[in-house]
Amino acid sequence: MPRRDTRPPRTAGLRDFLDYLRTSVAAKVVGAPEPHVRTALVPSGTNLLGLLNHLTHVERSLFLGEEVTDWQATFQAAPTDTVADVVARYRSSIEEANAVLDRCDDLDAPVPRPRSSRAAPSVRWALTHMVEETARHAGHADILRELIDGSTGR
C-alpha cells in the first residue's frame, strides 16, 4: 500500500531536516494496527511502537536533560500505551525540544537544557546526533511498517 512520498527539504538547516525526519518517523506509526505495532518482527526484538518510544526518550534526554537509566527499556512502550498515546508523547517532546532550540542562536554553545546536572553537548552536536538517530530509526520503521501491512513511502 504505497503512500505519497514526501521529499526532504533541499534548502534547510539541521533543524528543518530534523523536523522532516521527525514527521516521517511519526507517520510510520500512525495508523499501524494493534497488536502488530508492538510485535517484534526481527530477531533483535525491535518493534514499531518501541522505536517511537525510544526516540521520545532520546529527544527528552538530549534537549530537555532528562535522565535515562535503562536505554534498552526505552525500546518498549508500556502495555497500556496506545499508538495515539505514544505518538502524542513524541510530538509533545518535539514541541518542548523545539522550544529549547528556539532559544539557541549559536550552534557552538551548549544546549540550554532546563532539567539536567550533566554537561550539555553543543547545539550543533545535539542536532547532528538527533538527525542521525532519527534517520536510522526511520529506516528501521520503514521496514517494520512494510512487514506489518505493506505500507511504504515517507
Side-chain angles (χ1 to χ4, degrees), residues 8-9 12-148 154:
L14 281 172
R15 167 93 175 268
D16 297 314
F17 200 80
L18 176 57
D19 283 337
Y20 159 78
L21 289 168
R22 288 163 160 169
T23 299
S24 296
V25 76
K28 286 292 175 186
V29 179
V30 171
E34 287 280 5
H36 305 291
V37 72
R38 63 181 75 244
T39 302
L41 299 173
V42 293
S44 67
T46 304
N47 66 79
L48 194 54
L49 201 58
L51 284 175
L52 199 62
N53 190 63
H54 171 71
L55 285 171
T56 299
H57 286 280
V58 177
E59 292 271 356
R60 299 193 71 77
S61 175
L62 197 55
F63 296 117
L64 305 175
E66 291 186 4
E67 192 71 34
V68 176
T69 57
D70 183 358
W71 280 106
Q72 195 58 40
T74 67
F75 281 97
Q76 297 296 321
T80 56
D81 282 343
T82 65
V83 171
D85 293 336
V86 175
V87 171
R89 207 165 26 248
Y90 180 63
R91 289 181 174 153
S92 175
S93 296
I94 290 168
E95 285 180 25
E96 289 182 60
N98 279 346
V100 169
L101 290 169
D102 286 344
R103 297 191 309 271
C104 300
D105 56 0
D106 180 1
L107 291 176
D108 294 320
V111 175
R113 302 187 298 196
R115 298 182 286 272
S116 183
S117 58
R118 296 175 291 133
S122 72
V123 174
R124 182 185 325 279
W125 187 93
L127 283 169
T128 302
H129 176 68
M130 202 67 235
V131 164
E132 178 271 332
E133 183 85 4
T134 307
R136 181 164 40 110
H137 292 314
H140 299 146
D142 283 339
I143 293 165
L144 293 173
R145 183 62 191 261
E146 187 173 359
L147 288 170
I148 289 170
R154 288 177 270 221

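FYI, side chains are in, hydrogens and waters are out, and symmetry mates aren't considered; it's all heavy atoms of this structure.
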Decide yes or no for P121 and L62: does some side-chain heavy atom of the first lie under 4.5 Å from some side-chain heavy atom of the second?
yes

R60-S93 side chain donor-acceptor pair, cut-off 3.5 Å
yes

In Å, rounded to the nearest 0.5 Å, how long is the span from CG of L48 to CG of L41?
8.5 Å

side-chain contact (heavy atoms from CB on, under 4.5 Å) for H57 and N53? Distances and angles first, verdict last.
CA-CA 7 Å; H57 286 280; N53 190 63; 3.8 Å; yes

Of the non-hydrogen atoms in A32 and V83, which two are nearest, and what is the gap between them?
O-CG2, 3.9 Å

How long is the gap from CG on L107 to CG on L101, to the nearest 0.5 Å?
9.5 Å

Criterion salt bridge (charged side-chain N to carboxylate O under 4.0 Å, His left out) on E95 and R91, from CA distance to verdict:
CA-CA 6 Å; E95 285 180 25; R91 289 181 174 153; over 6 Å; no

Contact summary for E59 and A97, nearest pair of heavy atoms:
OE1-CB, 3.6 Å

Restricting to non-hydrogen atoms, name the atom on A126 and the atom on V111 that form the minimum distance, rounded to 0.1 Å.
CB-CG2, 3.6 Å

Could you state the interatomic distance from CG (L52) to CG (D85), rounded to the nearest 0.5 Å?
11.5 Å

Per side-chain hydrogen bond (donor to acceptor under 3.5 Å, both in side chains), N47 is matched among R38, H36, Q76, H140 by Q76

Yes or no on side-chain contact (heavy atoms from CB on, under 4.5 Å) for E96 and S92, after CA distance, side-chain angles and deciding distance?
CA-CA 6 Å; E96 289 182 60; S92 175; 3.7 Å; yes

For P112 and V100, work out which heavy atoms get closest and say how close.
O-CG1, 3.8 Å

Using only atom types and a distance under 3.5 Å, with no angle test, would you say the side chain of T128 pairs donor to acceptor with the backbone of R124?
yes

Determine whether a donor-acceptor pair (N or O, by modelled atom type, separation under 3.5 Å) exists between the side chain of T134 and the backbone of V131.
no

Minimum heavy-atom separation for V58 and W71, please, with both atom names.
CG2-CZ3, 3.6 Å

Residue pair L18 / E133, side-chain heavy-atom distance below 4.5 Å
no

Applying ring-ring contact (aromatic ring centres under 6.0 Å, His included) as the test, list every pair that has at least one member in residues 101-135; sequence neighbours left out.
W125-H129

What's the verdict on side-chain contact (heavy atoms from CB on, under 4.5 Å) for V25 and Y90, showing C-alpha distance, side-chain angles and the deciding distance?
CA-CA 10 Å; V25 76; Y90 180 63; 3.4 Å; yes

I want to check something: taking the side chain as every heavy atom from C-beta on, are K28 and L51 in contact at a cut-off of under 4.5 Å?
no

Any chance you could measure I148, atom CD1, to I143, atom CD1, to the nearest 0.5 Å?
12.0 Å

Any side-chain heavy-atom pair from S122 and P110 closer than 4.5 angstrom?
no

Pairwise distance CG(L127) to CZ(F17) - rounded to 0.5 angstrom:
12.5 Å

My understanding is that only residues two or more places apart in sequence, or in another chain, count here; which of them pass side-chain hydrogen bond (donor to acceptor under 3.5 Å, both in side chains) with D70?
none

Approximate separation, where rounding is to 0.5 Å, of M130 CE and L55 CG
5.0 Å

List the steps and the verdict of side-chain contact (heavy atoms from CB on, under 4.5 Å) for T74 and V68.
CA-CA 9 Å; T74 67; V68 176; 3.9 Å; yes

Can you confirm whether E34 is buried at CD, in the sense that more than 12 heavy atoms of other residues, nucleotides or ligands lie under 6.0 Å from that atom?
yes

Residues which pass ring pair (Phe, Tyr, Trp, His ring centres under 6.0 Å) with F75, listed by chain and number, not counting sequence neighbours
H54, H137

